[in-house]
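Residue numbers start from 1 in every chain, and the chains themselves are labelled A, B, ... in the order their sequence lines are given, proteins ahead of strands.
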Amino acid sequence: MKKILSSKFFDRGVLAVCPELLGKYLVINRGWKEVWFMITEIEAYDGQEDLACHARFGKTDRNAVMFGHPEHWYVYLCYGMYWMLNIVTGPWKHPSAILIRAVKSSTLKGTPSFIKEDKLDGPGKITKNLWIDKRFNWKKADKKSWLRIEDRWVIVKRYKTDKRIGVDYAGRWAKKKWRFILVNSQ
DNA sequence: ACGATGATGAAC
DNA sequence: TTCATCATCGTA
């Protein structure tokens, strides 16, 4: 089963989108092949107030996409080596995005041959394995895109929340449980 | 526990 | 122009 997400899916507050994004599929065209992975762990970054969010500096060249329309990719380089893949959420002009931290290949279809790992657990591992980089920044993640998100199978969903990783500098915002982890998936 | 590695934002 | 920082990861 394959279901295209409504264009309104991402046009909501980031904390409303997160629980629904878990269990959806990250779909990418590589060459003539299409591969997909279930999204199993994500983090919310919400607005200029959120001291862990890049938008805390106000609008800059790097984070400008977050201030724009939902359903666009925000891809940036972290620690000089790893690309971080984020999807912008709504509402328009409210800077927010979801970092995709972990995915796993579908047990229904198996792992594509060029992917060594069954689970890509870490935002840098996802982009490295799937060849995702700056080229996707600012691109819309709709059904025509080579990189998009789809609803493919209904799953029984349970998730937990926890603190976000790598943002200890953010004071009270570091304590917010804005990391969403799928449990008992499949 | 630590180094690789380079863009970014702020200060000067 | 310089500087500290950084939404990480593989190796030790």
Do any of residues 164-180 of chain A sit with a heavy atom less than 4.0 Å from DNA chain C, and if so which?
A:I165, A:G166, A:V167, A:Y169

Heavy-atom contacts under 4.0 Å between residues 50-63 of chain A and DNA chain C, which residues?
A:A52, A:H54

Counting only N and O atoms by type, is there a donor-acceptor contact under 3.5 Å from the side chain of A:H72 to the main-chain atoms of A:W138?
yes

Do side-chain atoms of A:K24 reach the backbone of A:E20 as a donor and acceptor pair under 3.5 angstrom?
yes

Between atom CZ of A:F180 and atom CG of A:L99, what is the distance when rounded to the nearest 0.5 Å?
12.5 Å

What residues form a side chain to side chain contact (heavy atoms under 4.5 Å, CB included) with A:W131, not counting sequence neighbours?
A:R30

Please compare A:K134 and A:Y79 by the position of their nearest nucleotide in DNA chain B and report the one closer to 5'.
A:Y79

Residues of residues 14-21 of chain A with a heavy atom under 4.0 Å from any atom of DNA chain C, listed by number, are none

Test item: A:T127 side-chain N/O and A:W83 main-chain N/O as donor-acceptor pair under 3.5 Å
yes

A:R12 charged N/C atom sitting above A:F10 aromatic ring, 6.0 Å / 45°
no

So, A:R164 side chain and A:K175 main chain: donor-acceptor pair closer than 3.5 Å or not?
no

So, taking the atom named CD1 in A:I132 and the one named CG in A:L147, what distance separates them when rounded to the nearest 0.5 Å?
4.5 Å

On DNA chain B, reading 5' to 3', which nucleotide is the first and which the last to sit with an atom under 4.0 Å from a heavy atom of chain A, could you check?
B:dA4 to B:dA10

For residues A:H54 and A:Y76, establish whether the separation of their ring centroids is below 6.0 Å.
yes

Span of DNA chain C engaged by chain A, first through last nucleotide within the 4.0 Å heavy-atom cut-off, is C:dC6 to C:dG10

Partners of A:Y79 by side chain to side chain contact (heavy atoms under 4.5 Å, CB included), sequence neighbours excluded?
none

Taking side chain as C-beta onward, heavy atoms only, is A:R148 less than 4.5 Å from A:N29?
yes

Keeping to residues at least two apart or across chains, list the salt bridge (Lys or Arg N to Asp or Glu O under 4.0 Å) pairs with something in residues 80-103 of chain A.
A:E41-A:R101, A:E43-A:R101

May I ask you to decide whether A:E34 forms a salt bridge with A:R152, counting only side-chain N to carboxylate O separations under 4.0 Å?
yes

Shared hydrophobic cluster, A:Y25 / A:I4 (ILVMFWY, side-chain heavy atoms < 4.5 Å)
no

Taking pairs as Watson-Crick (N1-N3 plus N6-O4 or O6-N4) or G-U wobble (N1-O2 and O6-N3), each distance under 3.5 Å, the stems of three or more consecutive pairs with DNA chain C are B:1-4 with C:8-11, B:6-11 with C:1-6

Would a distance-only check, ignoring hydrogens and angles, find a side-chain to backbone donor-acceptor pair under 3.5 Å from A:N129 to A:L120?
no

Between A:D162 and A:K177, is there a salt bridge with N-O shorter than 4.0 Å?
no

Could you say whether A:K125 or A:A97 is positioned toward the 5' end of DNA chain C, judged by the nucleotide with the nearest heavy atom to each?
A:A97

Sequence neighbours left out, what pairs pass salt bridge (Lys or Arg N to Asp or Glu O under 4.0 Å) with at least one residue falling in residues 130-142 of chain A?
A:D133-A:R135

Sub-4.0 Å heavy-atom contacts from residues 80-95 of chain A onto DNA chain B, ordered by number
A:G80, A:M81

Who are the side chain to side chain contact (heavy atoms under 4.5 Å, CB included) partners of A:A97, not counting sequence neighbours?
A:M66, A:N86

Salt bridge or not between A:E150 and A:K143? Use side-chain N to carboxylate O under 4.0 Å.
no

Would you indicate whether the side-chain heavy atoms of A:V14 and A:Y45 approach each other to under 4.5 Å?
no

